[in-house]
*Asks:* 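Input: one structure, supplied below.
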Protein chains: 2
Amino acid sequence: MFKDATIEEINSVMNNAWTVFHAYRKMSLEQRAVFMRTIAVEMEACGDALIQTAMRETHLPEARLRNERARTIFQLNSYADACEKGQWLEARIDTAVPDKNPPKPDVRKMLVPLGPVVVFGSSNFPFAYSTAGGDTACAFAAGCSVIVKAHPAHPETSEMVAGAILKAAEKCKMPKGIFAHVHGVSFEVGKALVMHPHTKAVGFTGSYLGGRQLFDWANQRKDPIPVFAEMGSVNPVFLLPEKLKSSASDIAKMYAASITLGVGQFCTNPGLIIGIESEELKLFIDELGKLIRQTPPGPMLHAGIVKAYKEKRGNALLQEGVHLVAESDTETKENEGLPTIATATGQAFLNNPVLHQEVFGPYSIIIRCKNMDEMIEVAKHTEGQLTSTLMATENDIRGNEELVEAVKNICGRLILNAVPTGVEVCLSMHHGGPFPATTDSRFTSVGADGIKRFARPVCFQNWPDSLLPDELKEGNPLAIWRTVNNELKK
Amino acid sequence: MFKDATIEEINSVMNNAWTVFHAYRKMSLEQRAVFMRTIAVEMEACGDALIQTAMRETHLPEARLRNERARTIFQLNSYADACEKGQWLEARIDTAVPDKNPPKPDVRKMLVPLGPVVVFGSSNFPFAYSTAGGDTACAFAAGCSVIVKAHPAHPETSEMVAGAILKAAEKCKMPKGIFAHVHGVSFEVGKALVMHPHTKAVGFTGSYLGGRQLFDWANQRKDPIPVFAEMGSVNPVFLLPEKLKSSASDIAKMYAASITLGVGQFCTNPGLIIGIESEELKLFIDELGKLIRQTPPGPMLHAGIVKAYKEKRGNALLQEGVHLVAESDTETKENEGLPTIATATGQAFLNNPVLHQEVFGPYSIIIRCKNMDEMIEVAKHTEGQLTSTLMATENDIRGNEELVEAVKNICGRLILNAVPTGVEVCLSMHHGGPFPATTDSRFTSVGADGIKRFARPVCFQNWPDSLLPDELKEGNPLAIWRTVNNELKK
């Protein structure tokens, strides 16, 4: 239905985004915030039609999509608040000391936007990590123009949201071209967008292969640009002995729900559970198996994801030492993902990198270690993750420092006695993690700190007050937090 | 005199740095700060012997080296203060809201160290950007172990400073191996250090070719790591019409000194000056030429730099449309750099990328634009820079917004009516800039914000107060600035 953008169209979109960037970057924090809030209003105004379209394209249930739209609106509004508050600008002022030898000049610094940002939406979050999702909201807050490549699995939903953004842009009298929306199934569209000289940063949510490809292209440019790709994660869960002893069946209940939530199609899905051989671990596996058998399969997002799930699940179960524990008792339709848990020993995990890989869907493998030393080895040999979880008592934590440190070292978010699914949108959230969870462990894609992905510092030396940007003027007309001569002040 | 490290030695150093990292990262901010201050004391205690050794190896004058050591000591002490103050940790707290639907968990975030950092020292700053220089100080503050590859142009100086660091480590009872010092003239030593799986970040100050090579290696790893390479910069200076009219000969005086300061061997050396054809520009060029003729040549850092200067200067002067304006009247010795200025038209600059390249040494080219439009074109076609300078009156700035925006867009530091040489060490400094000035425009290598290069956020979800790190405990025992429920507090 939607044609791939041609190279000529991409050139025209990017040239326009570059011109417009220079107008938009000068707009005040307040103007940007008003624009973002208007996008939120326009998304809401899309009403049921948007939900219906998304349901048809993604096969996600209505309640989930309504929640996700509400979350997307919350993101736009809360990042707009953060944009206006200006703490993200990291304003710093060192005033002149003329009688120092040599004289110390007046030096002031703040973040400025990078330039046009290309956003590749995800398939599993048609609103929150797509067209008007977190990347787009952060880029607008930073002062960047945005080009979204619609995800081919929900192009109509994406068109409708793009329409809402364009309507908001018009209402707020934004420069034409501040936002552009292109379609592309082919490899070449993505490559042309990343390689275009006017593209200054890339946001992506999706598979490891996709993210790594964008990252490699970006680094092969004459002038490399940052790529913020949020890729796969198996989100390991470590079951510590004392906790498991007291709560094996409660943990099984929590995790049966978390593994199968949304047919397992979350980047924070717990795909790897690690315990130590014991009666309690057997009990946990039995209970989890029972619950998984009772959980019906559900429709997955699109045919490509169903196919990949079947293949990866099948391949995982074929690995030496991997045993199927349980799968759903309910018959599975063609487009559905079958809830499944498997198990293997710590040694099998340590010997076989295939067992470390994400099986995107309602699948999890339980690794049975022979002792704590082996559990520590497993933690040390696990790749970078968005989240890790410790199911542990206070004694477990205090008595196993080496494990806790090893687990902290591999992840962006460390959860205690809860499930990794569910990512709170707040400033303290870190949705990121060491490679290969993301391509840049220093930045988050959830929470207003994500704005900083699309900005860089510029320092003004020896400028008179009258010519400085408002953010750095002596009188602090925007009333933002700034560090003045090493002291935070407002 | 010093043998290249073997691959076995590098493996052993890196394995040790990795083990030690896990001990050092747990040390308190105060312990790290005490260690850094002790390094400063030990560097001072190296006394005249260190200065003499550096003079012999670098041919830099004594006063300059004494100043540079003082600056290095100031860096260590001021970054130690910043480390202890903890603002760089970006601590954020969102407290739980149990009655929200779904319940909002307690989420807390702070920066944690990346892991072992490999530092490649520069040749032009044997103290401030070498063994115990800014990269090393920032990495220690962040909680990382450090491996320095000594610059082959001053290996003995580097050994002495390494000795001071090791002495400080012993005095402060730091874990053995927190700092390692290796030598290497060959390509292979650098590559092995960057590619080692335990290396988690790289700091580098030097040439574009060197920095880009390290960056490419780092990105070809199975798990790419950040490389903070500060590379070349020509630091363009834009002479605006009204200012030039009133101050042509004053500007010539400032710039004759800046171009030849330290025989032009600063990354902030002004290698490109852009004006608009006029009587005043002629006057400026004449005056600058006169002063350059009067400036004696000086010894450069090492034979490689002299050779490169001669070649690049020669090649620049051979380009079509480039005319020699003046060179020093004093005879030049074999190891000296000859102060030189040349000129070309705006059109010649726009047509020939060779004229954009850095000629590291006391060389600058004056570009004569036919009008402001051409000056804007020149600004837009100039690559990323550490600094740009505007010599301008308030009228010049207000009347030429497009130029000012274009100039801001290409640089990390924007100077008004001063010279780019001289980099103040303070929190507001940004010593960085868009590629190819550096490989990551979002970070600085001068000032305590440089600590953040070697850290990443980790978020703790649902942890009881007793198990949280002190930085995030409810009672704020370290009394650091934190953002609690979106409000900055102490």
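Numbers restart at 1 for each chain; the letters A, B, ... are given by sequence-line order, proteins then strands. Everything quoted here is computed from the prediction, not taken from an experiment.
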*Asks:* NZ/Lys490(A) to CG/Leu488(B) distance, rounded to the nearest 0.5 angstrom?
*Replies:*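 Between atom NZ of Lys490(A) and atom CG of Leu488(B) there are 8.0 Å.
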*Asks:* For Glu405(B), is there any backbone N or O sitting under 3.5 Å from a side-chain donor or acceptor partner on Lys26(A)?
*Replies:*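 The answer is no, because no donor-acceptor pair under 3.5 Å joins these two groups.
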*Asks:* Is chain A contacted by the side chain of Asn485(B), its backbone, both, or neither, given a heavy-atom distance below 4.5 Å?
*Replies:*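 It is neither, since no heavy atom gets under 4.5 Å.
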*Asks:* Do Gln87(B) and Glu487(A) have side-chain heavy atoms sitting under 4.5 Å apart?
*Replies:*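 Sidechains of Glu487(A) and Gln87(B): no contact.
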*Asks:* Chain A heavy atoms under 4.5 Å from Leu390(B): which part of the residue, side chain, backbone, both or neither?
*Replies:*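 Just its side chain gets close to chain A.
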*Asks:* Could you check whether any side-chain heavy atom of Phe460(B) comes within less than 4.5 Å of a side-chain heavy atom of Lys408(A), counting everything from C-beta outward?
*Replies:*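 They are in contact (side-chain heavy atoms under 4.5 Å apart), so the answer is yes.
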*Asks:* Heavy-atom pairs under 4.5 Å with chain A: which of Arg453(B), Lys109(B), Met429(B) has the most?
*Replies:*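 Of the candidates given, the most pairs with chain A belong to Lys109(B).
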*Asks:* Where do Trp463(A) and Ile415(B) come nearest, in terms of heavy atoms and distance?
*Replies:*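 Heavy atoms of Trp463(A) and Ile415(B) come nearest at NE1-C, 4.0 Å.
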*Asks:* Please identify, among Val458(A), Ile93(A), Asn219(A), the residue contributing the most non-hydrogen atom pairs under 4.5 Å to chain B.
*Replies:*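 Option with the greatest count: Asn219(A).
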*Asks:* Counting only non-hydrogen atoms closer than 4.5 Å, does Pro102(B) touch chain A with its backbone (N, CA, C, O), its side chain (CB onward), both, or neither?
*Replies:*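 Interface part for Pro102(B): neither.
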*Asks:* Name the member of Arg108(A), His22(A), Lys222(A), Glu402(A) that forms the most heavy-atom pairs with chain B at distances under 4.5 Å.
*Replies:*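 Counting heavy-atom pairs under 4.5 Å, the top option is Lys222(A).
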*Asks:* Between atom NZ of Lys452(A) and atom NZ of Lys452(B), what is the distance when rounded to the nearest 0.5 Å?
*Replies:*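 Going from the NZ atom of Lys452(A) to the NZ atom of Lys452(B) covers 5.0 Å.
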*Asks:* Are Thr483(B) and Trp481(A) side-chain neighbours, meaning at least one heavy-atom pair lies under 4.5 Å?
*Replies:*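 They are not in contact (no side-chain heavy atoms under 4.5 Å apart), so the answer is no.
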*Asks:* If you round to the nearest 0.5 Å, how far is CG of Asp440(A) from CG of Asp440(B)?
*Replies:*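 Reported to 0.5 Å precision, the distance equals 7.0 Å.
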*Asks:* Which bit of Phe454(A) comes within less than 4.5 Å of chain B, counting heavy atoms only: side chain, backbone, both or neither?
*Replies:*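 For Phe454(A), neither part sits under 4.5 Å from chain B.
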*Asks:* Calculate, to the nearest 0.5 Å, the distance between atoms CG and CZ belonging to Asp449(A) and Arg92(B) respectively.
*Replies:*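 The CG atom of Asp449(A) sits 4.0 Å away from the CZ atom of Arg92(B).
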*Asks:* Can you find a heavy atom in the side chain of Arg398(A) that is under 4.5 Å from one in the side chain of Leu467(B)?
*Replies:*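 With C-beta onward as the side chain, the pair touches.
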*Asks:* Where does Pro436(B) contact chain A at under 4.5 Å (heavy atoms): side chain, backbone, both or neither?
*Replies:*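 For Pro436(B), there is no contact with chain A at all, as no heavy atom is under 4.5 Å.
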*Asks:* At a heavy-atom distance under 4.5 Å, which candidate from Gly412(B), Gly432(B), Ser78(B) has the highest pair count against chain A?
*Replies:*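 Winner by heavy-atom pair count: Gly412(B).
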*Asks:* Given that the side chain runs from C-beta out, which part of Ala91(B) has a heavy atom under 4.5 Å from chain A: side chain, backbone, both or neither?
*Replies:*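 For Ala91(B), neither part sits under 4.5 Å from chain A.
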*Asks:* Does Gln220(A) have more than 12 heavy atoms from other residues, nucleotides or ligands lying within 6.0 Å of its CD?
*Replies:*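 Buried by this count: over 12 neighbours within 6.0 Å.
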*Asks:* Are Pro224(B) and Arg212(A) packed together at the side-chain level, in the sense that at least one heavy-atom pair is separated by less than 4.5 angstrom?
*Replies:*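 Counting from C-beta outward, Pro224(B) and Arg212(A) do come under 4.5 Å.
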*Asks:* Counting heavy-atom pairs closer than 4.5 Å to chain B, which one of Asn462(A), Asp223(A), Leu427(A), Val107(A) comes out on top?
*Replies:*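 Highest number of heavy-atom pairs under 4.5 Å: Leu427(A).
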*Asks:* Taking Glu383(B), Lys85(B), Met110(B), His431(B) one by one, which has the highest count of heavy-atom pairs under 4.5 Å against chain A?
*Replies:*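 Looking at each of Glu383(B), Lys85(B), Met110(B), His431(B) in turn, Lys85(B) comes out on top.
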*Asks:* Please determine, among Ala82(A), Cys411(A), Ala406(A), the option with the most heavy-atom pairs under 4.5 Å with chain B.
*Replies:*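 Between Ala82(A), Cys411(A), Ala406(A), the count favours Cys411(A).
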*Asks:* Taking all atoms of both residues into account, what is the closest heavy-atom pair of Cys459(A) and Ser428(B), and its distance?
*Replies:*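 That would be SG-O, 3.6 Å.
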*Asks:* Most heavy-atom pairs under 4.5 angstrom with chain B, which of Gly384(A), Gly422(A), Pro434(A)?
*Replies:*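 Maximum pair count with chain B is reached by Pro434(A).
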*Asks:* Rounded to the nearest 0.5 Å, how far does NZ of Lys200(A) lie from CG of Asn409(B)?
*Replies:*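 One finds 7.5 Å between CG of Asn409(B) and NZ of Lys200(A).
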*Asks:* Measure across Glu424(B) and Pro103(A) and return the closest heavy-atom pair with its distance rounded to 0.1 Å.
*Replies:*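 So the minimum-distance heavy-atom pair works out to OE1-O, 4.4 Å.
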*Asks:* With rounding to the nearest 0.5 Å, note down the distance linking NE2 in His430(B) to CD in Gln461(A).
*Replies:*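 Separation between the atoms: 13.0 Å.
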*Asks:* Within the 4.5 Å heavy-atom criterion, are Arg221(A) and Phe435(B) side-chain neighbours or not?
*Replies:*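 Arg221(A) does not reach Phe435(B) side chain to side chain.
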*Asks:* Could you pull out the closest heavy-atom pair between Ser441(B) and Leu114(A), with the gap in Å?
*Replies:*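 Shortest heavy-atom contact: OG-CD2, 4.0 Å.
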*Asks:* Count the heavy atoms of every other residue, nucleotide or ligand shown that sit under 6.0 Å from CD of Glu394(A), and state whether that count exceeds 12.
*Replies:*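 Check passes, neighbour count above 12.
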*Asks:* For Glu401(B), is the CD atom crowded, meaning more than 12 foreign heavy atoms sit under 6.0 Å from it?
*Replies:*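 12 or below, so no.
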*Asks:* Given heavy-atom pairs under 4.5 angstrom as the criterion, report whether the side chain, backbone, both or neither of Ser466(B) touches chain A.
*Replies:*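 Both backbone and side chain.
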